[in-house]
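Given the structure is predicted, the values throughout are model-derived calculations rather than measurements. Quick note on labels: first sequence line is chain A, next is B, and so on, each numbered from 1.
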Amino acid sequence: MTAVASHAPELRTALLDWYDSHARSLPWRAPPGSTARTDPYRVWLSEVMLQQTTVPHATPYFERFTARWPTVVNLAAVEDSDLMAAWAGLGYYARARNLLACARAVANDHGGVFPDTEAALLALPGVGAYTAAAVAAIAFDRPANVVDGNVERVVSRLFAVQTPLPAARPELKRLAATLVADDRPGDWAQALMDLGSTVCRPKSPLCLMCPISGFCAARAEGQPDRYPVKAAKAARPHRQGIAWVLRDGQGRVALVRRPDKGLLGGMVGLPTSDWAEEVPDATPPAGADWADAGAIEHVFTHFSLTLGVRVAQGSGGDFLWTPEAEALNALPTVFAKALVRGLESSPE
DNA sequence: TAAACGTGGCG
DNA sequence: TCGCCAAGTTT
């Protein structure tokens with residue numbers, strides 16, 4: 001038996017039954033089968049935070065955000081710099097800029113109420129195909145085709161899809177659509193994702209625990225972890241740069257606001273050289289007596305970085321002079337690491 | 001369409 | 001130690 005369309009009803013029943021007893025309990029989630037709809041604001045916020053991000057990493061951010069800003073209207077009123085600081089450490093900072101733009105769009109253009117259709121959600125900043133479908137299904141009970149990385153993996157195994165990712169995306173989405181129905185759309189989406197996360201895992205899938213293994217073509221072949229097939233990835237280049245830790249001797253450090261576009265866009269950062277293949281021959285930001293504080297290593301999605309750290313004392317200049325403890329909290333991780341290195345190397 | 005875009009945990 | 005990977009979106 002495989003996951004052909006004629007078996008969809010039995011497959012759906014098996015997975016929804018499994019979800020009734022195995023659903024993960026998560027702060028943004030209603031219990032399975034709950035008729036009380038989850039707050040669209042919390043669903044949307046969790047979905048954005050969870051993009052390319054693990055549940056354990058996103059969870060404390062979700063708790064802090066919802067405690068500080070209980071509604072989308074509260075969030076819409078936040079200063080940009082406060083929002084960016086609150087997102088620091090979570091990564092993919094374009095999400096934070098779009099999150100704020102989306103909250104303001106809902107507050108200003110939708111009367112503070114999230115739109116309840118997939119198409120209207122899709123028009124919001126930072127809401128793509130996945131997030132629009134997820135919010136429509138989970139918050140509004142729309143039978144949307146919710147396809148994330150988990151669903152792609154589950155479907156690729158159910159149907160033993162040979163096409164490598166990412167080229168297989170459209171095919172996987174079409175196949176996923178054959179399993180969507182009007183009954184319990186939100187639970188269906190979350191059941192598929194929970195299965196992918198806890199049972200149909202990337203490595204060492206737990207087929208003996210799987211409620212739909214009987215429908216799975218990859219399981220029948222005997223090597224389910226062969227799926228999804230993936231295209232080879234390009235090697236990650238390495239870059240080098242210098243970051244300057246300029247201190248005023250009174251507990252403050254010089255930061256700069258980075259441009260909205262590009263890497264770490266909209267975040268505060270340390271003053272830096274360009275980051276290039278060769279160690280740059282760069283001019284420090286002030287005529288101070290710079291000491292070498294070593295270097296830190298950091299890995300981004302598309303390159304790795306050796307960042308040399310230099311420390312000096314100074315004042316003035318066109319900087320955001322920020323208390324060191326506050327800076328540590330507001331900086332993206334790469335700069336927080338560099339600042340720690342600088343502070344350790346020249347304790348006051 | 002492919003590339004840009006962070007971070008931390010795990011095998 | 002290090003590549004893989006996690007609830008993607010934008011340009």
inquiry  = Just to verify, what does E47(A) make a salt bridge (Lys or Arg N to Asp or Glu O under 4.0 Å) with, not counting sequence neighbours?
reply    = none
message = Applying a 4.0 Å non-hydrogen cut-off, can you work out what V127(A) is touching in the nucleic acid: base, sugar-phosphate, or nothing?
response = sugar-phosphate
Atom-to-atom span, CG of L307(A) to C1' of dG6(B) - whole angstrom = 15 Å
message = Just to be sure I understand the rule, does T131(A) reach a base, reach only the sugar-phosphate, or reach nothing, if contact means heavy atoms closer than 4.0 Å?
response = sugar-phosphate
request  = With sequence neighbours left out, write down each residue that passes ring pair (Phe, Tyr, Trp, His ring centres under 6.0 Å) with H22(A), or none if nothing qualifies.
outcome  = W18(A)
Side-chain N,O (K261(A)) to OP1/OP2 (dA4(B)) below 4.0 Å = no
Using distance only, find each side-chain donor-acceptor pair of residues 106-114 of chain A under 3.5 Å and give its atom names and separation, not counting sequence neighbours.
residue : atom : partner : partner atom : Å
N108(A) : ND2  : R104(A) : O            : 3.0

task = Please identify each residue that fulfils salt bridge (Lys or Arg N to Asp or Glu O under 4.0 Å) with R24(A), with sequence neighbours left out.
result = D194(A)
inquiry  = Run the salt bridge (Lys or Arg N to Asp or Glu O under 4.0 Å) test against D82(A) and tell me which residues pass, sequence neighbours left out.
reply    = none
request  = Could I get the full list of salt bridge (Lys or Arg N to Asp or Glu O under 4.0 Å) partners for R258(A), not counting sequence neighbours?
outcome  = none
inquiry  = Under the rule for ring pair (Phe, Tyr, Trp, His ring centres under 6.0 Å), what residues qualify as partners of Y130(A), not counting sequence neighbours?
reply    = none
key: Separation of dT11(C) P from R97(A) CZ (nearest whole Å)   = 9 Å
task = Assess R239(A) against F303(A): is NZ or CZ under 6.0 Å from the centre of the six-membered ring, and within 45 degrees of the ring's axis?
result = yes
Check: protein-nucleotides 7-11 of chain B nitrogen or oxygen pairs below 3.5 Å:
residue : atom : partner : partner atom : Å
dT7(B)  : OP1  : Y93(A)  : OH           : 2.8
dT7(B)  : OP1  : T333(A) : N            : 2.6
dT7(B)  : OP2  : H298(A) : NE2          : 2.7
dT7(B)  : O3'  : T333(A) : OG1          : 3.4

query = Can you name the residues that form a ring pair (Phe, Tyr, Trp, His ring centres under 6.0 Å) with Y92(A), not counting sequence neighbours?
reply = none
Value in whole Å for how far the P atom of dT9(C) lies from CD of E47(A) = 9 Å
ask   = Taking CZ from R201(A) and C1' from dC4(C), how many angstroms apart are they, rounded to a whole number?
value = 15 Å
task = Not counting sequence neighbours, which residues clear side chain to side chain contact (heavy atoms under 4.5 Å, CB included) with E171(A)? List them please.
result = V161(A), T163(A), R174(A), L175(A)
task = Calculate the interatomic distance between R169(A) atom CZ and dA3(B) atom P; express it in whole Å.
result = 14 Å
inquiry  = Any base atoms under 4.0 Å from A129(A), or only sugar-phosphate, or nothing? Heavy atoms, all strands.
reply    = sugar-phosphate
query = Donor-acceptor pair, R153(A) side chain versus C200(A) backbone, under 3.5 Å?
reply = yes
query = Between L121(A) (CG) and dT9(C) (P), how many Å, whole number?
reply = 12 Å
key: Of residues 17-29 of chain A, the positions that come close to DNA chain C - non-hydrogen atoms, cut-off under 4.0 Å   = R24(A), L26(A), W28(A), R29(A)
request  = Using atom CG of L165(A) as one end and atom C1' of dT1(B) as the other, report the distance to the nearest whole Å.
outcome  = 15 Å
task = Would you mind reading off the distance between F303(A) atom CZ and dA3(B) atom C1', rounded to a whole angstrom?
result = 13 Å
task = When you get a sec, tell me which of dT9(C), dC5(B), dC5(C) is the closest nucleotide to the side chain of K233(A)?
result = dC5(C)
query = So what does P56(A) hit on the nucleic acid, given a heavy-atom distance under 4.0 Å: a base, only sugar-phosphate, or nothing?
reply = nothing
inquiry  = To check you understand the geometry: which heavy-atom pair defines the closest contact between A330(A) and A88(A), and what is its length?
reply    = O-CB, 3.3 Å
message = So if I take residues 74-87 of chain A and measure heavy-atom distances to DNA chain B, which residues fall below 4.0 Å?
response = none
ask   = Taking for each residue the nucleotide of DNA chain B with the nearest heavy atom, is it G265(A) or P166(A) whose nucleotide lies nearer the 5' end?
value = P166(A)
inquiry  = If I pick the P atom on dG6(B) and the same atom on dT11(C), what distance separates them, to the nearest angstrom?
reply    = 14 Å
